[in-house]
Every structure is written in C-alpha cells, then in structure tokens.
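What follows is a short report on a single structure.
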There are 2 protein chains.
Amino acid sequence: MKPTQSELAILDVLWRQGPCTVRQVHEVVGGGYTTTLKLMQIMVEKGLVVRDEQERAHVYSPRLEKEETQGVMVRDLIDRAFGGSAAQLVMRALSAGQASDEELAAIRQMLKEYKR
Amino acid sequence: MKPTQSELAILDVLWRQGPCTVRQVHEVVGGGYTTTLKLMQIMVEKGLVVRDEQERAHVYSPRLEKEETQGVMVRDLIDRAFGGSAAQLVMRALSAGQASDEELAAIRQMLKEYKR
DNA sequence: GAGTATGTACGAAGAACTTCGTAGTGTCAA
DNA sequence: TTGACACTACGAAGTTCTTCGTACATACTC
C-alpha cells in the first residue's frame, strides 16, 4: 500500500532508526505529539507498521522494507503518469536534469550488471 | 504544480486530443458530466488549464506540456521518497522489474546520447 | 411560444488526510 | 498519597479531493 506524505515521513524514521516508540519518532518529525501518535495508530490499522505492546510505550516497526515501499510508489507513478512505461519515467527523471555525473555513472553501472 | 489523480486523467485527454470542451473530455474520462465540469473549473483556478470562453461551450487547454508535468511529478517523488536522488529512483524503477528488454535498450541508448 | 437539449455556475456532502484537545491510566518521587 | 509526568485512546474539526444535485441561461425544434 502507498503511504501518504506524513506516513512516509514516519516510515522514514523507522527505516533509519529501527523500531521506535511514538516519542522517538515524534522527536524527529516534529509537530504535535498526539498528531504523531494518531498517525501511527492509523498506520497500524492500515498495516503499514506493526506494533509491539509489551512495554508501556508501544514499539512500532515498519511492515515493509524501504525498497518495497519505494517500489510501490514508483509503480504507482509509472501507472498514473507514464502510461505504464518504466522507461518513460526513467527518461524523464534523467532529462529533468537532477542526475549528477556520479549518479549517471551509477546508473550505467547498474545497467551493465542488469544485462547479465 | 502537481495535479491530483483525477486532474491528471483530464490533462491526459487534453494532451492527447488537444483543446477540448468539457463534453469531449467527459466522453473519455466517464463519470458524471458535472463532476468533470467542476474539476475543470477548479483546474482553471489552480492554473493547470486555460479556458477559452469565446464559444458557448468553453474550450480548455493544458497550461503545461505533458513533459513538464511529468517532470514535476518525478521531481516530487524523488524528493519525497528517494532523498533527492534521481539515481535511486531510476534504480528502483528498474529493479522493481517492469522494464522490458525494449525499454532497457531505450534507456541505454538514451544514456549513450546523454554522455555527449 | 413550449418543450427539449446543452451549456455554465455553484453549493453541499462524503471520503481521506491531518491536526489537536481532552480524558483516562499507569509510574515515579517527595 | 499526592502531585508531576508520560503514555494511550479517541472524538472532533479543518483541509483537500471528489461527486453530485440544482439552478439558471441559451439555442434549437415543433
């Protein structure tokens, strides 16, 4: 499932720091504490995160890997804005500039490995 | 500006068919006629499309080229989900499968031309 | 001219997302 | 044991997106 903007910010903390309490996430994303709490509760309902209720302060973990979620979001954009063509998206990402020489080199390298 | 899902569907018709009346768009996107009308009116306010009111049936045109809008959407996704790295997005798009051999070939070709 | 078709304008309602206040509970220290 | 604090639960309100009904104007036809 595709997370919303706020949900993605929370997931990002969990991916970077590993399982966290609401407070730990809140200290990173800022805003109101109960806002973060509410969002994370909803994310449990949606299945975006799982919750360990052993301790008084519940501990949340992402249900999917970062890579999987990125894949979902890319797939969604390809379908919605690029007529289903991954190549079209890649070309747009590159021609919209923003890919440094290092990045271009990394992409070439990856394509090379992909060939096999 | 980044169009919503419904707005993108409408823009897609305008990009493919050129300037259209509400009815022409509606015949493609389906749903209720006044729904399409309302959305297109809002899109005028947002500046996503421009409207020619010469005729009784107003004629709408996209304000930005398809390529520009795609660029905006890709940029947005790169910022939100890939920490600003276009290369990361490209790699995810490719490793998430979904790129056919033809597409891979096209991307390699594009990178080749990009080198110059 | 009455009725029908086609058009715009616009308000309202529902759904999803976000934010916040408040209530209630458990913990800990003085 | 009382007060301060940290935590969860939850309802409500604001925002944006989407859908739809209704009102009203204009044109065409019989």
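This one's a predicted model, so the numbers in the text were calculated from it and none came from an experiment. Note that these values count all heavy atoms, side chains included, but never hydrogens, waters or copies made by symmetry.
- Residue A:Gln5 places none of its side-chain N or O atoms closer than 4.0 Å to OP1 or OP2 of C:dC17.
- One can place CD of B:Gln41 at 16 Å from P of D:dC17, the figure rounded to the nearest angstrom.
- Residue A:Met73 comes nearest to B:Ala81 through the heavy atom pair SD-CB, 3.9 Å, listed as atom of the first residue, atom of the second, then distance.
- Residue B:Tyr33 places no side-chain N or O under 4.0 Å from the OP1 or OP2 atom of D:dG21.
- Between A:Lys46 and C:dC17 there is a side-chain polar atom (N or O) within less than 4.0 angstrom of OP1 or OP2.
- A salt bridge is absent between B:Lys66 and B:Glu68; no separation between the charged side-chain nitrogens and carboxylate oxygens falls under 4.0 Å.
- Remark: B:Arg92 fails to qualify as a cation-pi partner of B:Phe82 under the 6.0 Å distance and 45° angle criteria applied to the six-membered ring.
- Contact detail for A:Gly84 and A:Asp79: the closest heavy-atom pair is CA-OD1, 4.0 Å.
- Residue A:His26 contributes atom NE2, which lies 16 Å from atom P of C:dT18 at whole-angstrom precision.
- Here the P atom of nucleotide C:dC17 and the CG atom of A:Leu37 are 18 Å apart, to the nearest Å.
- Rounded to a whole Å, the CG atom of A:Leu39 is 11 Å from the P atom of C:dC20.
- Atom pair A:Met1:CE and C:dC17:C1' shows a separation of 11 Å (rounding to whole Å applied).
- Residue-to-nucleotide contacts include no donor-acceptor pair under 3.5 Å from the side chain of B:Lys38 to the base of D:dG21.
- Of the possible polar contacts, none joining the A:His26 side chain to the A:Leu37 backbone as a donor-acceptor pair under 3.5 Å is found.
- As a whole-Å value, the separation of A:Ile10 CD1 from C:dT18 C1' is 11 Å.
- The phosphate of C:dT8 has neither OP1 nor OP2 within less than 4.0 Å of any side-chain N or O from B:Arg23.
- Among the protein residues, B:Ser6 comes within range of the sugar-phosphate backbone only, with heavy atoms under 4.0 Å from sugar or phosphate atoms but none that close to a base.
- For the pair B:Gln54 CD and C:dT8 P, the computed distance is 14 Å after rounding to whole Å.
- Atom P of nucleotide D:dT18 and atom CG of B:Leu48 are separated by 11 Å, given to the nearest angstrom.
- The phosphate of C:dA9 (OP1 or OP2) has no side-chain N or O of B:Thr34 nearer than 4.0 angstrom.
- For the OP1/OP2 pair of C:dT18 and a distance below 4.0 Å, the side-chain nitrogens and oxygens of A:Thr35 include no atom meeting the criterion.
- With hydrogens and angles left out, the side chain of B:Arg56 and the base of D:dA27 share no donor-acceptor pair within 3.5 Å.
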